[in-house]
Amino acid sequence: MKLTKEQLEQFDREGYLFFPGQFTREEMKALTDEVPELYSRREAYNVREKGKEAVRTNFAAHMYSKPFAKLARHPRMVQPVMDLFDEEVYMHQFKINGKMAFEGDVWQWHQDYGTWLNDDMMPTERAMNVAIFLDDVNEYNGPLMFIPGSHKKGVVEAKHDLTTTSYPLWTVDNDLIAQLVERAGGKNGGIVSPKGPAGSMILFHSCLVHASSSNLSPWNRVSVYLSLCAVSNHIRRFKRPEYIAHRDFAPIECLPDDCLLKDYPVDLPWKNGLPASALETTAVPFEEIREAA
């Protein structure tokens, strides 16, 4: 899973890469079979849609689910990010976003690094998402939308939206979105929306501005997101719970490429329940804690 020169150039230019059908249906089955039971749990790591029972996002499944623990160490997902950073990476965040049929709500226009900077004090944008479709994604079930090249603007101004949905997000103003879309080509490519079969993969820059609309279709659109960060770029504050922003900065050790189809041992530290430490937070940066000690 080494990126080619052309892919590296495309990523630099557009801020994302799309790999349709990167994983087989057989590889996906072990993951999709696990999701209903994970979503059924009444745990803090399951954030539900505003006023609904449908799960909006499940956090940290790689800490308590064996299939997702193996996915978190899959070379097809991890190696391209290490290629781009030329550095080992750790898991900053792991989530299974459930944009469920008829109930999946919007994700407003935002940059992921905006949240990682403002909430977690991540020093630079040397972190990115790798997403994999667990369901087929079409134009009707709320696909991701990207503004190509918007990562070139770096960190843009954002406001903390605490009311639109059940999950707080640092969102980008509509006027700036209109400017970025026009700059990227307006109606001729200013917004793109990768669609494809289950098992397709997207790699995208942490400053790429993106969003998704609500899902009014009868088809689920569940996706997994690995937010991978260069080890040297680890977060400096634990303002958010550990199940959302992880505190283990050890480099990911990849499993063999067939890990979704075969039984490989993986550590599941939260298999017996969410520890109390995973809920603890502090708004004080590491450096200030060390100085006080």
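Computed from a predicted model, the values in this text were never measured in an experiment.
Using modelled atom types, no side-chain atom of Glu125 and backbone atom of Ser206 make a donor-acceptor pair closer than 3.5 Å. In this structure, Thr57 contributes its side chain and Lys95 its backbone to no donor-acceptor pair below 3.5 Å. Put simply, the side chain of Gln7 never gets that close to the backbone of Leu17: no donor and acceptor are under 3.5 Å apart. In this structure, the side chain of Arg73 does not engage the main chain of Glu253 through any donor-acceptor pair within 3.5 Å. With hydrogens and angles disregarded, a donor-acceptor distance shorter than 3.5 Å links the side chain of Gln111 to the backbone of Val156.
If you take NE2 on His160 and CG on Asn118, they are separated by 8.0 Å, rounding to the nearest 0.5 Å. Interatomic distance, Leu260 CG to Leu71 CG, rounded to the nearest 0.5 Å: 6.0 Å. The CG atom of Asp119 lies 9.0 Å from the CD1 atom of Ile244; values are rounded to the nearest 0.5 Å. The structure places CZ of Arg56 at 5.0 Å from OG of Ser166, a figure rounded to the nearest 0.5 Å. Interatomic distance, CH2 of Trp109 versus CD1 of Ile147, reported as 4.5 Å (0.5 Å rounding). Expressed to the nearest 0.5 Å, how far CE of Met77 lies from CG of Leu228 amounts to 8.0 Å.
Hydrophobic cluster membership differs between Val89 and Val266, with clusters built from Ile, Leu, Val, Met, Phe, Trp and Tyr side chains linked at under 4.5 angstrom. Under the 4.5 Å side-chain contact rule for hydrophobic residues, Phe238 and Met121 do not share a cluster. Transitive grouping of hydrophobic side chains (ILVMFWY, heavy atoms separated by less than 4.5 Å) brings Ile132 and Met91 into a common cluster. In the hydrophobic clustering of this structure, Ile252 groups with Leu31; members are Ile, Leu, Val, Met, Phe, Trp, Tyr whose side-chain heavy atoms approach within less than 4.5 Å, directly or through other members. A continuous path of ILVMFWY side-chain contacts below 4.5 Å connects Met28 to Phe19, so both sit in one hydrophobic cluster.
Within 6.0 Å of the CD atom in Glu37, the count of heavy atoms belonging to other residues, nucleotides or ligands exceeds 12. At most 12 non-hydrogen atoms from other residues, nucleotides or ligands lie less than 6.0 angstrom from NZ of Lys29. Other residues, nucleotides and ligands contribute over 12 non-hydrogen atoms within 6.0 Å of the NZ atom of Lys50. Heavy-atom neighbours of Lys271 NZ from other residues, nucleotides or ligands within 6.0 Å: at or below the threshold of 12. Counted within 6.0 Å of CD on Glu157, heavy atoms from surrounding residues, nucleotides or ligands total 12 or fewer; the atom is thus considered open. Annotation: Phe102, atom CZ; neighbour count of heavy atoms from other residues, nucleotides and ligands within 6.0 Å is above 12. Surrounding CG of Asp258 are more than 12 heavy atoms belonging to other residues, nucleotides or ligands, all under 6.0 Å away. No more than 12 heavy atoms of other residues, nucleotides or ligands sit less than 6.0 Å from atom NZ of Lys153.
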Legend entry - Verdict with reasoning, Phe146 to Phe18, per ring-ring contact (aromatic ring centres under 6.0 Å, His included): CA-CA 12 Å; Phe146 297 138; Phe18 182 46; 9.1 Å; no

Legend entry - Evaluation steps, salt bridge (charged side-chain N to carboxylate O under 4.0 Å, His left out), between Lys99 and Asp135: CA-CA 10 Å; Lys99 193 173 283 271; Asp135 296 304; over 6 Å; no

Inset, instruction - Could you check Ile235 against Tyr90 for side-chain contact (heavy atoms from CB on, under 4.5 Å), going step by step and ending with a plain yes or no? - result: CA-CA 11 Å; Ile235 63 174; Tyr90 78 94; 3.9 Å; yes

Inset, instruction - Before giving the answer on side-chain contact (heavy atoms from CB on, under 4.5 Å), spell out for Tyr113 and Met122 the whole-Å C-alpha distance, their side-chain angles and the decisive distance to 0.1 Å. - result: CA-CA 8 Å; Tyr113 182 61; Met122 185 181 286; 4.0 Å; yes

Inset, instruction - Please test His74 against Phe23 for side-chain contact (heavy atoms from CB on, under 4.5 Å), starting from the C-alpha separation and ending with a verdict. - result: CA-CA 11 Å; His74 203 294; Phe23 291 82; 3.5 Å; yes

Inset, instruction - Check the pair Trp107, Asn97 against side-chain contact (heavy atoms from CB on, under 4.5 Å), reporting the backbone distance first and the verdict last. - result: CA-CA 10 Å; Trp107 286 87; Asn97 279 0; 3.8 Å; yes

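Applying ring-ring contact (aromatic ring centres under 6.0 Å, His included) to Tyr45 and the options Phe94, Phe68, Tyr243, Tyr64 leaves one that passes, Tyr64.
Heavy atoms only, all atoms of each residue included: Leu162 and Pro168 are closest at CD2-CB, 3.5 Å. Nearest heavy atoms, Gly15 versus Leu208: O-CD2, 3.6 Å. Between Asn141 and Arg221, the closest heavy-atom pair is O-CB, 3.2 Å. Heavy atoms only, all atoms of each residue included: Gly142 and Ser212 are closest at O-CB, 3.6 Å. Contact between Ser200 and Pro20 at its shortest, heavy atoms only, is OG-CA, 3.4 Å. In terms of heavy atoms, Met100 sits closest to Ala54 at CG-CB, 4.2 Å.
Between Tyr167 and Phe59, the angle of the ring planes lies from 30° to 60°, which puts this pair in the tilted group. By the 30° and 60° cut-offs, the orientation of the rings of His92 relative to Trp116 is perpendicular. Aromatic ring pairs are classed by plane angle as parallel below 30°, tilted from 30° to 60° and perpendicular above 60°; the pair His205 and His151 is tilted.
Between the side chains of Asn46 and Asn58, at least one donor-acceptor pair of N or O atoms lies under 3.5 Å. A donor atom on one side chain and an acceptor atom on the other are found under 3.5 Å apart for Ser227 and Asn129. For the 3.5 Å distance criterion, the side chains of Asp83 and Gln79 qualify, holding a donor opposite an acceptor.
Aromatic pair His210/Tyr16: centroids not less than 6.0 angstrom apart.
Salt bridge annotation for Arg41-Glu34: absent, with no cationic side-chain nitrogen under 4.0 angstrom from a carboxylate oxygen. Salt-bridge formation is not detected for the pair Asp136/Lys195: no Lys NZ or Arg NE/NH1/NH2 atom is positioned less than 4.0 Å from an Asp or Glu carboxylate oxygen. Looking at Asp120 and Arg247, no side-chain N of the basic residue comes within less than 4.0 Å of a carboxylate O on the acidic one, giving no salt bridge.
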